[in-house]
Amino acid sequence: MINFNYETDFSLDDEHKISNWILGTISNEGFKLEEINYVFCNDDYLHNLNVEFLNHDTLTDIISFDYSVGRLIQGDIFISVERVEDNAKDFSVSFEEELRRVIIHGVLHYCGYKDKTEAEASEMRDKENHYLTQFNS
């Protein structure tokens, strides 16, 4: 089950299409879905979580809490809509594209992909790009 929750005025246009895309990604990576809760929020909301739970006093676009067991995906993904908007401008992409990238980024972490080293970040970016092309196909 995929749940979309909103702590801001923002809401997704097509939750069903996005859910199917996420499910396809999880399946393609050889995992099964238990439950993912997405929470769309603002910078302040996410910053507070970052400080309280991760001891990072910085702004970020996404925080994911992974409760997966084995190949069964489960977790909570918090996304700052404000950070996504700013990042979209910085990277000269549409808000929708950047939002989809962040949405799938959290899922890819649950599938075992990391982004701490340059090599890991490159592999993560390749996977994000691959699944972004799948969204509209």
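Everything numeric in this text was worked out from a predicted model, so none of it was measured.
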Backbone N/O of [Y] and side chain of [X]: donor-acceptor pair under 3.5 Å:
X: E120; Y: T117; value: yes
X: S68; Y: Q74; value: yes
X: N50; Y: L46; value: no
X: E128; Y: R101; value: no

Quiz item: Taking F10 as the fixed residue, which of N42, L99, V84 is the one that meets the side chain to side chain contact (heavy atoms under 4.5 Å, CB included) rule?
Solution: L99
Quiz prompt | Identified side chain to side chain contact (heavy atoms under 4.5 Å, CB included) partner of Y38 from the options I22, D76, V102 | solution = I22
Quiz item: Does a donor on one side chain sit under 3.5 Å from an acceptor on the other, for Y67 and E34?
Solution: no
Exercise. May I ask you to check whether H16 and N20 show a side-chain donor-acceptor distance below 3.5 Å?
Key: yes
Quiz item: Checking side chain to side chain donor-acceptor pair (under 3.5 Å) for the pair H105/D115: CA distance, chi angles, key distance, verdict?
Solution: CA-CA 10 Å; H105 181 90; D115 57 6; 3.1 Å; yes
Self-check item: Greater than 12 external heavy atoms within 6.0 Å of K17's NZ
Solution: yes
Quiz item: Crowded around D9 CG? As in, over 12 foreign heavy atoms under 6.0 Å?
Solution: no
Measuring from [X]:[atom1] to [Y]:[atom2], what's the distance to the nearest 0.5 Å?
X: I36; Y: D66; atom1: CD1; atom2: CG; result: 9.0 Å
X: L49; Y: T60; atom1: CG; atom2: OG1; result: 11.0 Å
X: E96; Y: L132; atom1: CD; atom2: CG; result: 12.5 Å
X: I18; Y: D13; atom1: CD1; atom2: CG; result: 7.5 Å
X: F31; Y: L23; atom1: CZ; atom2: CG; result: 14.5 Å
X: I26; Y: Y110; atom1: CD1; atom2: OH; result: 9.5 Å

Quiz prompt | Test log, rule side chain to side chain contact (heavy atoms under 4.5 Å, CB included), inputs D90 and N87 | solution = CA-CA 5 Å; D90 290 346; N87 289 345; 4.2 Å; yes
Between [X] and [Y], what is the shortest heavy-atom contact and its length?
X: A88; Y: S94; value: CB-O, 3.8 Å
X: S19; Y: F4; value: OG-CE1, 3.2 Å
X: E82; Y: D43; value: OE1-N, 2.6 Å
X: E35; Y: L33; value: N-CD1, 3.8 Å

Exercise. For the pair Y131 and V107, evaluate side chain to side chain contact (heavy atoms under 4.5 Å, CB included) and give the outcome as yes or no after the intermediate values.
Key: CA-CA 11 Å; Y131 288 113; V107 171; over 6 Å; no
Quiz item: Which class fits the ring pair F65 and F78: parallel under 30°, tilted 30 to 60°, perpendicular over 60°?
Solution: perpendicular
Quiz item: Between F135 and W21, what is the ring plane arrangement, given parallel below 30°, perpendicular above 60°, and tilted in between?
Solution: perpendicular
